[in-house]
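Heads up: the structure comes next, in structure tokens.
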Amino acid sequence: MLLSRVQIAPACRRLLSHRGISTLNTNPHIKVFPNASVNNGHLLTYLDTNPPTHRLAIGSTTELPPTPQSFSENREFLSILTDVLRKYAAQDPDLIAQAQAFAGPGGATLGSGGAFFPQQHKRRGTRGTAAGLGGGGGAGGSGAGGASAQGGAGGAGVGGHVHLSDLRNPPDFGRIAWPEDILGSIEVDGSGNIIGDFEPSGTYRIVTNEGILGLSDFLRTKLVEKLIEEEKKG
């Protein structure tokens, strides 16, 4: 029997096979399906259902991997993501660890993307203070502003706020994440206990030049559970 070689399209090389379902090589938790409504389009989703449920998809893209120019976000997914973060962010082990670290002596910023901000002062700046948080767009911003819009770096037993940031682009040590990577912030007391509700930053973007949505295992699991629940509703 003769075997013929089949040329693999470049787009296919950027995908990983997972139980017969294509996934992004930059984030294997995200599945890729053809988007019949767009020529050469792709639908990105956390769910395995085929055909996919469009209203629960992360969004669509005309390129793989997705770029800010090729990607179109799904507003309904953003709303679900925000609801999940409001409900579960305070239980995220990574965020809890950050809050406790920031409350210690000299607590300021952490390389994993969070930052502790006392409430007494307001400062302006660029990346160091993530100015401009609380604007429109992104993951359901309330306009209240993120942690950096409410104070400067500090900690050391003084209550304030801590950021929840996307894992795709961890900032350098001693700096906080870019505004488009900050999902939101939450209030903590002087002992590092989370006491407030999660507030969306209003500046978060699902896709940036650094990649696509990356959540902790805990939050991603809660999000998928919610998506499955919504899918069962039909």
CA sep, side-chain torsions, deciding dist, call: L164, I186, side-chain contact (heavy atoms from CB on, under 4.5 Å): CA-CA 8 Å; L164 175 65; I186 198 164; over 6 Å; no
Separation of [Y] [atom2] from [X] [atom1] (nearest 0.5 Å):
X	Y	atom1	atom2	result
E63	N40	CD	CG	10.5 Å
T61	H42	OG1	NE2	7.0 Å
T53	F77	OG1	CZ	13.0 Å
Q98	H163	CD	NE2	10.0 Å
L219	D94	CG	CG	8.0 Å
K87	K222	NZ	NZ	8.0 Å

Identified side chain to side chain contact (heavy atoms under 4.5 Å, CB included) counterpart of I58 within the set L81, L227, I30: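 The single option meeting the side chain to side chain contact (heavy atoms under 4.5 Å, CB included) with I58 is I30.
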[X] versus [Y], closest heavy-atom pair with distance:
X	Y	value
L95	A89	CD2-O, 3.4 Å
Y46	H29	CD2-O, 3.5 Å
I194	A90	CD1-O, 3.6 Å
V207	P68	CG1-N, 3.7 Å
F33	T49	CZ-O, 3.5 Å

Residues N50, I21; criterion side-chain contact (heavy atoms from CB on, under 4.5 Å); working and verdict: CA-CA 9 Å; N50 189 6; I21 299 175; 5.8 Å; no
Are any non-hydrogen side-chain atoms of [X] and [Y] less than 4.5 angstrom apart?
X	Y	result
L56	T45	no
P52	L47	no
L85	Y204	no
V32	L44	yes

Under the 3.5 angstrom rule, does the side chain of [X] hit a backbone N or O of [Y] as a donor-acceptor pair?
X	Y	answer
N74	R55	yes
S201	I182	yes
S165	A177	no
S70	P66	no
D166	G214	yes

Side chain to side chain donor-acceptor pair (under 3.5 Å) partners for K233, two or more places apart: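 For K233 the side chain to side chain donor-acceptor pair (under 3.5 Å) partners, ignoring immediate neighbours, are E230.
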Carboxylate-amine/guanidinium proximity below 4.0 Å for D197 and R86: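 The answer is no: the pair does not qualify as a salt bridge.
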Stepwise salt bridge (Lys or Arg N to Asp or Glu O under 4.0 Å) check, K226 with E229: CA-CA 5 Å; K226 180 61 175 177; E229 178 185 326; 3.6 Å; yes
CG (D83) with more than 12 external heavy atoms under 6.0 Å: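 Correct, the count exceeds 12.
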Residue list, side chain to side chain contact (heavy atoms under 4.5 Å, CB included) with T208, at least two apart or on another chain: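 Partners of T208 under the side chain to side chain contact (heavy atoms under 4.5 Å, CB included) test: R168, E180, D181, R205, E210.
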Counterpart residues, side chain to side chain contact (heavy atoms under 4.5 Å, CB included), relative to V38 (two or more places apart):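 V38 satisfies side chain to side chain contact (heavy atoms under 4.5 Å, CB included) with N35, T62 only.
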Connected via hydrophobic side-chain network under 4.5 Å: I80 and I228: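 Result: yes, single cluster for both.
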Side-chain donor-acceptor contact under 3.5 Å, D92 with S216: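 Side-chain D/A pair, D92 to S216: present.
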